[in-house]
Amino acid sequence: MPLPLENRVALVTGASRGIGRAIALELAKRGAHVIALARTQGALEEIDDELRAHGQEATLVPCDLKDFDALDRLGLAIHERWKKLDIFVANAGVLGPVSPLAHIDPPAWDNVFAVNVTANWRLVRSLDSLLRASDAGRAVFVTSGVASKAETYSYLGAYAASKAALDILARTWAAESAETSTLRVMIANPGVLRTNMRAALMPGEDPMSVRAPGEFAPKVADMCAPDWTATGKYYDFKTDSVRAFRGPA
Ligand code: NAP
């Protein structure tokens, strides 16, 4: 029996650890060929080893997302090899400074926006035609609840603003593609998951008190399937629900 994502090509950013690693493994488990992008080559090779043990292989892209020209080259390389891309999971992200806005150093601010926002726009630009060339292109952007909760999360201003920008980027792309292609674009909020980023933010927290990335990954994989229909919507893992964005009344 064919696997549900067989013959589908999936790019996952931030695949070296945490949520992206879990998503990459889940997509591969469902039959997709995974293009795994992150800076840490050794960690990407470990994913490849794990997949090879199950008779699969990944394409590894050791790359810094701030190398924007490399993201253009990645689109060209995908075009040359597959002529299409079926799945794009924009997962990589950085937390950045945990600090009052007025105390953030400009380079630290720029780094957060380069990785969390501009790199994703550059990937949209590089991958748009490839995803439209798929019979059922799917994109999932990993956001954060802090994007809409400034009052609860002081001192995460750079991160929160970048994720709010990412949300509107994804929603705009969804609106631009909804009528003219089969591309579907989702925004997914993992809530609190046991990763390095969470540990950096909450060093005193018992890691075992929060859920593992492997629990969230199947939900993202569902949104990557050809039978997924929603676009421009927000998936919330905590409530396991899909909802529309609500603006001010
Ligand atoms: P993580 O463990 O810190 O992993 C971040 C991933 O992003 C790593 O694979 C890292 O790979 C990659 N990355 C960071 N900077 C990069 C760069 N310049 N170029 C290429 N890759 C880069 O964090 P995580 O918790 O899994 O976070 C994944 C996503 O979930 C992020 O977008 C985060 O904002 C979001 N999120 C997480 C939580 C949570 O509770 N964990 C909650 C809400 C949202 P390399 O270091 O190898 O490059």
Side-chain angles (χ1 to χ4, degrees), residues 11-26 34-48 58 60-71 74 88-98 107-108 110-123 126 139-149 152-153 156-167 169-170 186-203 205-217 219-220 223 234-239:
L11 171 66
V12 181
T13 68
S16 60
R17 61 171 187 267
I19 297 171
R21 184 180 200 279
I23 293 170
L25 292 174
E26 181 67 28
V34 172
I35 305 169
L37 184 152
R39 289 167 302 182
T40 313
Q41 183 156 355
L44 294 178
E45 284 167 0
E46 279 174 27
I47 292 190
D48 195 37
L60 308 183
V61 184
C63 168
D64 189 327
L65 283 167
K66 287 181 287 177
D67 181 354
F68 300 139
D69 292 341
L71 305 183
L74 176 61
F88 166 37
V89 182
N91 161 79
V94 288
L95 185 63
V98 181
D110 289 345
N111 186 58
V112 172
F113 270 74
V115 176
N116 293 1
V117 187
T118 308
N120 283 312
W121 166 66
R122 292 294 297 249
L123 283 166
S126 178
V140 180
F141 290 82
V142 180
T143 188
S144 165
V146 305
S148 52
K149 288 184 193 148
T152 325
Y153 295 98
L156 286 177
Y159 179 70
S162 73
K163 289 296 188 181
L166 182 70
D167 289 357
L169 178 109
M186 287 295 294
I187 295 135
N189 174 15
V192 173
L193 294 182
R194 192 192 313 147
T195 68
N196 287 9
M197 184 184 286
R198 178 68 189 175
L201 180 64
M202 303 290 281
E205 181 178 75
D206 173 7
M208 298 316 286
S209 68
V210 296
R211 298 169 83 181
E215 295 181 51
F216 175 61
K219 303 296 182 178
V220 174
M223 289 178 249
Y234 187 95
Y235 170 74
D236 180 52
F237 181 52
K238 191 174 166 197
T239 56

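The analysis underlying the following values was restricted to heavy atoms, covering all of them including side chains, and did not include hydrogens, waters or symmetry mates. Whatever order the structure lists them in is the order used to number ligands and atoms, beginning at 1.
For atom 28 (C) of ligand 1, the closest non-hydrogen atom on the protein side is Asn91 OD1, 3.2 Å. Ranking the protein heavy atoms by distance from atom 2 (O) of ligand 1 puts Arg17 NE, 3.2 Å first. What sits closest to atom 38 (C) of ligand 1 on the protein, heavy atoms only, is Gly191 O, 3.7 Å. Nearest protein neighbour of atom 41 (N) of ligand 1, counting heavy atoms only, is Thr195 OG1, 3.0 Å. The shortest contact between atom 37 (C) of ligand 1 and any protein heavy atom is with Ile19 CD1, 3.6 Å. The closest protein non-hydrogen atom to atom 47 (O) of ligand 1 is Thr40 OG1, 2.5 Å. When hydrogens are left out, the protein atom nearest atom 8 (C) of ligand 1 is Ser16 OG, 3.6 Å; that is the closest non-hydrogen contact. The nearest heavy-atom contact from the protein to atom 12 (C) of ligand 1 is Gly14 CA, 3.6 Å.
The atoms of ligand 1 that sit less than 4.0 Å from any heavy atom of Val142 are 29 (C), 30 (O), 32 (O), 35 (C). Within ligand 1, the atoms closer than 4.0 Å to a non-hydrogen atom of Val192 are 40 (O), numbered from 1 in the order shown. Contact atoms of ligand 1 toward Asn196: 2 (O) (distance under 4.0 Å to a heavy atom of the residue). Every atom of ligand 1 is numbered from 1 in the order shown, and the set under 4.0 Å from a heavy atom of Gly93 is 5 (C), 7 (O), 14 (C), 31 (C), 32 (O). Listed by number with element, the atoms of ligand 1 under 4.0 angstrom from any heavy atom of Val94 are 14 (C), 15 (N).
Within the 4.5 Å cutoff, the side chain of Lys66 has heavy atoms near those of the Val115 side chain. Side-chain contact between Leu95 and Leu156: present, with at least one pair of heavy atoms (C-beta onward) separated by less than 4.5 Å. Contact of the Val220 side chain with the Ile19 side chain is not registered, since no non-hydrogen atoms from C-beta on lie closer than 4.5 Å. Considering only heavy atoms from C-beta on, Val140 stays 4.5 Å or farther from Ile23 through its side chain. Arg122 is listed as a side-chain neighbour of Asp69, based on a closest heavy-atom distance under 4.5 Å.
Donor-acceptor pairing under 3.5 Å is recorded for the side chains of Tyr234 and Asn189.
Nearest to atom 33 (C) of ligand 1 by heavy-atom distance, out of Phe141, Tyr159, Phe237, Phe216, is Tyr159. Nearest-residue assignment for atom 18 (N) of ligand 1 (options Asn120, Leu44, Asp64; heavy-atom criterion): Asp64. The option with the heavy atom closest to atom 14 (C) of ligand 1, from among Met202, Lys163, Met197, Arg39, is Arg39.
Annotation: the span from Leu11 atom CG to Asn91 atom CG amounts to 10.5 Å, rounded to 0.5 Å.
Between the side chain of Arg194 and the backbone N or O of Val210 there is at least one donor-acceptor pair closer than 3.5 Å.
Here the closest heavy-atom approach between residue Tyr159 and residue Met197 is recorded as OH-SD, 3.9 Å. Smallest separation of non-hydrogen atoms from Ala90 and Asn120: CB-OD1, 3.3 Å. Here the closest non-hydrogen pair linking Asn116 and Ala92 is OD1-O, 4.5 Å. Of all the heavy atoms in Phe141 and Ala170, the pair that sits closest is CD1-CB, 3.5 Å. Across every non-hydrogen atom of Val142 and Lys163, the tightest pair is O-NZ, 2.9 Å. Nearest approach of Ala188 to Phe216, heavy atoms of both residues: CB-CZ, 3.9 Å.
For ligand 1, the polar-atom distance check against Leu193 finds a nitrogen or oxygen pair separated by under 3.5 Å. Ligand 1 has no N or O atom lying under 3.5 Å from any N or O atom of Leu37, backbone or side chain. Checked by distance only, ligand 1 and Arg198 stay at 3.5 Å or farther apart across all their nitrogen or oxygen atoms. Backbone and side-chain nitrogen or oxygen atoms of Leu65 are examined, and one is located within less than 3.5 angstrom of a nitrogen or oxygen of ligand 1.
Contact annotation: Thr143 has at least one heavy atom less than 4.0 Å from an atom of ligand 1. The closest approach between a heavy atom of Pro190 and any atom of ligand 1 is below 4.0 Å. Distances shorter than 4.0 angstrom occur between a heavy atom of Cys63 and an atom of ligand 1.
Under 4.0 angstrom from ligand 1, there are no non-hydrogen atoms of Val210. By the criterion of a heavy-atom distance under 4.0 Å, both the backbone and the side chain of Ala92 are placed next to ligand 1.
When each of Leu65, Asp64, Thr118, Thr13 is tested with Leu71 by the rule side-chain contact (heavy atoms from CB on, under 4.5 Å), just one qualifies, namely Leu65.
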